[in-house]
Visitor: 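Got a structure for you, written out below as structure tokens; questions coming shortly.
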Amino acid sequence: MTLAGPYGARVRRALTPYALIAPTVLLLVGFLLVPLGSVGYYALQHRVVNEPYDDAFVGLDNFSRMLGDQQFWHSLLFSAKWVAAEVGLQLLLGLVLALIVNETFVGRAAARALVFSPWAVSGVLTTGIWLLLYNPATGVFHQLSEFGLADPATSVLGDPDTVFPAVVVAELWRGVPFFAILILADLQSVPKDLYEAASIDGAGRVRSFLHVTLPHLRDAIVLATLLRAVWEFNNVDLLYTLTNGGPAGATTGLPLYVAQLARKSYDFGYGSALTAAAFVLLLFCSVLYLRLSRFEGRGEGVQR
Amino acid sequence: MSADATRLPAARRGAARSVRATAVRDRTGRLLRLFLPLGLYLLFTLVPFYWMLLFALRPAGSTSLLPWPVTFEHFDTVWNGMGFRTYFTNSVLIAALTLVSVTFFALMGGYALARFAFRGRRAFMLALLCTQFVPGAMMLIPLFNVFQLLHLIDTRWSLVVAETVFQLPLAMILMSGFVKNVPVELEESAMVDGCGRLRAFLAVVLPLLRPGIVAVGSFAFIGSWNNFLFALMFLNDPELQTVPVGLQTTIGENTVDFGALAAGGVVAAVPVVLVFAFVQKYLVQGMSAGAVKG
């Protein structure tokens, strides 16, 4: 009996962490890993929900169809442009914004709350707001045209030439705050004595930014840009509702194309093939990015 | 609006100049470096919000730039006429359940990650991070199949489960950061005093974790409240639909009722704005405790 007590306690202690993470593991396996695995399976099938009797194993047919699919290449190109523009601009503007609201000034708390507020706003709500702003009859450009500052007939979302910058700006509106919050959080952990040392060494504001702040932020920036790139690649809400991929497919990214395949033509086989391709592509790009940026994992949150 | 993008570098040049500036020039430098770009950015942030309020509050057909006289006809239209009353209830229910499940599981897992050195800990942590690279929007088809198998399509549970799965990994990493910030000695001394681990956790750790719980719970609520694609995909019954899908229905193919769209937007914004106002001060703290730095 005297042995069972401490022994039992030790077993219990050894098992506790596993019991604590068990529900999460089950959820992730059941609703993430299994579905993800099934993508690979469906990708090799002809599987259209409306044609239940035609289900068949078709090997790599879906993938060869993909290579010849113009719409696939267009959507991939759009996604690449979209990710590059969003991540680049969000990093630049988010960094500047974080540096500004990191300074001490009267009303800083209010300024932070206001500039960060679009972060809380959803894709569809962002869409609603920007539809109102961009509308040619009642929007901001119409208002500006009354002062002679814009062409009264400006329809930024209807014109294939202007639709790209228009959707990019709408997404920046809610994307920059999030980036700024991430950078600000890390900015606050830069040791103050580093700046003192730098200023003793005669470094000005710009030099201490380049040699103290930026190196400190590096891992956070690498991780944030990577996560943002994946999230922006997957961003469907805004594009689906703002332009529905138009005009004439000009803003259909790859995820939106897949969602359309699933919802409109119920082609789960081909959709799964595209999903699998996108997943492999994302994984490849992510690993490549981490390698190239010599990410050291300091910002990963994994270290104790 | 894109003028902001071109103006901001001017602040940097301002910053460079002000290095060797006298007191007066320093003040102008501060104005150029700080308040000018901040003002421009505030304009970019707030004009869209104002525009939505304007359309929601002024009568249809009015072109006034001030919402005067104020009318609530658009709110009446969306709330009673377009079913937003139902959508709102559904969204609150789903977001609240997501909040509870994400917070609960994140607490359990976050505690395990912060307080135990167990075999497979690092692998589990890595797996959590890897989930962030799974394309959420592209999981729609496979998730649909799984939910169909479990008869969860056209139930609110499908959204709760899907939201929980996608939010839990990051929430757990955040939460483990918060748990690490609570000194382990407090817990140990409570256990020396005869508390079990659970008692010690509930009595000592949990109260100190409040900021973390507020942050994680709010993120979960806001994320679930805003999700559009899951509801669109997994729910067909209009009685079960959520606010974002309802908002989408005000955007017709050819005709858009701007008043209804704006009023629906305000209805969709109110809960998240309230939560945001509440959580704002924990926001940066929450980010720095978890996902961004170790």
Side-chain angles (χ1 to χ4, degrees), chain A residues 17 20-21 23-24 27 31-32 35-36 38-39 96-97 100 103 105 111 113-115 117-118 120-125 128-129 131-133 138 169 173 181-182 184-186 188-189 204-206 220 227 230 234 236-237 241 255 258-259 262 268 271-272 275 278-279 282 286 299 301-303, chain B residues 1-2 8 15-16 19 34 37-38 41-42 45 48 51-52 55 105 108-109 111-112 116 118 124-125 131-143 145-146 161 165 168 173 222 226 228-229 244 247-248 251 258 261-262 265 268-269 272 276 280 283-284 287-288 290-294:
Chain A
L20 288 174
I21 64 168
T24 305
L27 272 174
F31 296 101
L32 210 60
L36 202 61
S38 75
V39 169
V96 173
L97 191 60
I100 290 172
E103 300 264 332
F105 56 89
L114 288 176
V115 295
S117 55
V121 160
S122 77
V124 183
L125 185 48
I129 290 173
L131 276 179
L132 292 172
L133 281 162
T138 53
V169 169
W173 182 72
I181 293 169
L182 279 171
L184 179 63
D186 209 47
Q188 294 185 336
S189 72
R205 199 181 284 278
V206 174
L227 284 177
V230 175
N234 291 323
V236 176
D237 293 22
T241 49
V258 174
F268 281 19
S272 296
T275 305
F279 184 63
L282 270 185
S286 302
V302 178
Q303 262 81 19
Chain B
M1 286 299 137
S2 59
L8 280 167
V19 172
L34 217 63
L38 185 64
Y41 202 85
L42 270 176
T45 303
W51 210 251
M52 178 175 71
F55 276 79
F105 292 132
M108 287 171 65
Y111 183 79
F116 292 90
F118 56 93
F124 180 61
M125 202 69 169
T131 60
Q132 296 308 303
F133 301 108
V134 175
M138 312 194 96
M139 290 293 289
L140 287 173
I141 293 173
L143 263 181
N145 288 328
V146 171
V161 171
V165 166
L168 193 51
I173 295 174
I222 291 176
N226 286 338
F228 164 71
L229 220 53
L247 198 57
Q248 160 74 6
I251 307 167
F258 294 110
L261 172 58
V272 286
F276 178 76
Q280 198 273 128
L283 195 64
V284 173
M287 289 293 178
S288 49
V292 187
K293 75 182 185 72

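Quick note on labels: first sequence line is chain A, next is B, and so on, each numbered from 1.
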Visitor: Under 4.5 Å heavy-atom distance to chain B, tell me which part of A:S286 shows up: side chain, backbone, both or neither.
Guide: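 Side chain of A:S286 only, per the 4.5 Å heavy-atom cut-off to chain B.
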Visitor: Who wins among A:P35, A:A111, A:A278, A:G271 for the most heavy-atom pairs under 4.5 Å with chain B?
Guide: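 Looking at each of A:P35, A:A111, A:A278, A:G271 in turn, A:P35 comes out on top.
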Visitor: For a quick test of reading the model, state the closest non-hydrogen atom pair linking B:A269 to A:L125 and the distance between them.
Guide: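 Heavy-atom minimum between the residues: CB-CD2, 3.5 Å.
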Visitor: Calculate, to the nearest 0.5 Å, the distance between atoms CE and CG belonging to B:M139 and A:L36 respectively.
Guide: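 One finds 5.0 Å between CE of B:M139 and CG of A:L36.
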Visitor: Side chain, backbone, both or neither: which part of A:V124 has a non-hydrogen atom closer than 4.5 Å to chain B?
Guide: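 Contact with chain B is through both the backbone and side chain of A:V124.
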Visitor: Answer with side chain, backbone, both or neither: which region of B:F276 has an atom nearer than 4.5 Å to a non-hydrogen atom of chain A?
Guide: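 Only the side chain of B:F276 comes within 4.5 Å of chain A.
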Visitor: Is any side-chain heavy atom of B:Y41 closer than 4.5 Å to a side-chain heavy atom of A:I100?
Guide: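 Heavy-atom side-chain distance check fails, nothing below 4.5 Å.
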Visitor: Side-chain contact test, heavy atoms from C-beta onward, threshold under 4.5 Å: evaluate it for B:T45 versus A:L114 and give yes or no.
Guide: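 Of all side-chain heavy-atom pairs linking A:L114 with B:T45, none is under 4.5 Å.
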Visitor: Measure B:L168 against the heavy atoms of chain A and call it side chain, backbone, both or neither at under 4.5 Å.
Guide: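 Contact with chain A is through the side chain of B:L168 alone.
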Visitor: Which one wins on heavy-atom pair count under 4.5 Å against chain B: A:L133, A:L184, A:T241, A:T275?
Guide: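 The candidate making the most pairs under 4.5 Å is A:L133.
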Visitor: Heavy-atom distance under 4.5 Å between the side chains of A:V121 and B:N226, does that happen here?
Guide: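 In short, these two side chains do not touch, never coming nearer than 4.5 Å.
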Visitor: Answer with side chain, backbone, both or neither: which region of B:V165 has an atom nearer than 4.5 Å to a non-hydrogen atom of chain A?
Guide: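 Contact with chain A: backbone and side chain both.
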Visitor: Between A:L27 and chain B, which part of the residue has a heavy atom less than 4.5 Å away: side chain, backbone, both or neither?
Guide: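 Answer is both: backbone and side chain atoms of A:L27 are under 4.5 Å from chain B.
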Visitor: Please state whether the side chain, the backbone, both or neither of B:F258 comes within less than 4.5 Å of a heavy atom of chain A.
Guide: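 Its backbone and side chain both get close to chain A.
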Visitor: Counting heavy-atom pairs under 4.5 Å with chain B, which one of A:S272, A:P118, A:A113, A:G128 comes out on top?
Guide: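 Top count of heavy-atom pairs under 4.5 Å with chain B: A:A113.
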Visitor: In terms of heavy-atom proximity below 4.5 Å to chain A, should B:I222 be classed as side chain, backbone, both, or neither?
Guide: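 Contact with chain A involves the side chain of B:I222 alone.
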Visitor: Could you pull out the closest heavy-atom pair between B:A262 and A:L132, with the gap in Å?
Guide: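 Looking at all heavy atoms of both residues, the shortest contact is CB-CD1, 3.8 Å.
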Visitor: Any non-hydrogen side-chain atom of A:L20 less than 4.5 Å from a side-chain atom of B:F116?
Guide: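 Of all side-chain heavy-atom pairs linking B:F116 with A:L20, at least one is under 4.5 Å.
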Visitor: What part of A:S38 gets within 4.5 angstrom of chain B, counting heavy atoms only: side chain, backbone, both, or neither?
Guide: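 It is the side chain, since no backbone atom gets that close.
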Visitor: If you measure from CZ on A:F268 to CG on B:N145, what distance do you get to the nearest 0.5 Å?
Guide: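 One finds 6.0 Å between CZ of A:F268 and CG of B:N145.
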Visitor: For A:I21 and B:G109, work out which heavy atoms get closest and say how close.
Guide: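 That closest heavy-atom pairing would be CG2-CA, 4.1 Å.
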Visitor: Step by step, would you call A:F31 with B:L143 a side chain to side chain contact (heavy atoms under 4.5 Å, CB included)?
Guide: CA-CA 7 Å; A:F31 296 101; B:L143 263 181; 4.2 Å; yes
Visitor: Looking only at heavy atoms and a cut-off of under 4.5 Å, which of A:N234, A:V39, A:V230 has the most pairs with chain B?
Guide: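 Option with the top pair count is A:N234.
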